[in-house]
Amino acid sequence: MITVQYAKAFPNMRINAVEPGYTATDLNDHTGTQTVEEGAEVIVRMARVGPGGPTGGYFDAEGSFPW
C-alpha cells in the first residue's frame, strides 16, 4: 500500500506497482516461464504512462491487478 500513499503524496506523478511475472533470470536459475523481454514489457509500458494515466495501482501484463 506504500504505492497508494506515494500516489496520494505526489499527485503530479504517476506512481504504480508492477508484477512482471515469473521471468527466467539468474535469480531463479532461468526456470521462469517467460523471457526477460516479455517480463520487461509491462515495466516499460507503465514507465511510459502519461499525465492522464493511472496512479496508485498494481499492474501485470494483462492490466490492472487487484491488491
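Evaluation of the side chain to side chain donor-acceptor pair (under 3.5 Å) test over residues 44-56, restricted to residues two or more places apart or in two chains, returns Glu41-Arg45. Contacts classified as salt bridge (charged side-chain N to carboxylate O under 4.0 Å, His left out) and involving residues 21-35 (residues at least two apart or in different chains) are not found.
Contact detail for Gly56 and Asn16: the closest heavy-atom pair is N-OD1, 3.3 Å. Taking both residues in full, the closest heavy atoms of Pro54 and Met46 are given as CG-CE, 4.1 Å, listed atom of the first, atom of the second, then distance. Gly39 approaches Pro20 most closely through the heavy-atom pair O-CB, 3.4 Å.
For Gln34, the side-chain hydrogen bond (donor to acceptor under 3.5 Å, both in side chains) criterion is met by Thr23, not counting sequence neighbours. In this view, Asn28 and Tyr22, Thr25, Thr31 satisfy the side chain to side chain contact (heavy atoms under 4.5 Å, CB included) rule, not counting sequence neighbours. Asn12 pairs by the side-chain hydrogen bond (donor to acceptor under 3.5 Å, both in side chains) definition with nothing, not counting sequence neighbours. The side chain to side chain contact (heavy atoms under 4.5 Å, CB included) test applied to Glu19 returns Tyr58, Asp60, not counting sequence neighbours.
One N or O on the side chain of Arg14 and one on the backbone of Gly53 form a donor-acceptor pair closer than 3.5 Å.
Through direct or relayed side-chain contacts under 4.5 Å between Ile, Leu, Val, Met, Phe, Trp and Tyr, Ile2 connects to Tyr6, Phe10, Met13, Ile15. Other residues sharing a hydrophobic cluster with Leu27 under the 4.5 Å side-chain heavy-atom criterion for ILVMFWY residues do not exist; the residue is a singleton. In this structure, Val36 shares a hydrophobic cluster with no other residue, the cluster being traced through Ile, Leu, Val, Met, Phe, Trp and Tyr side chains under 4.5 angstrom apart.
Tracing side-chain contacts under 4.5 Å through hydrophobic residues (I, L, V, M, F, W, Y), one never reaches Phe65 starting from Val18; they form parts of separate clusters.
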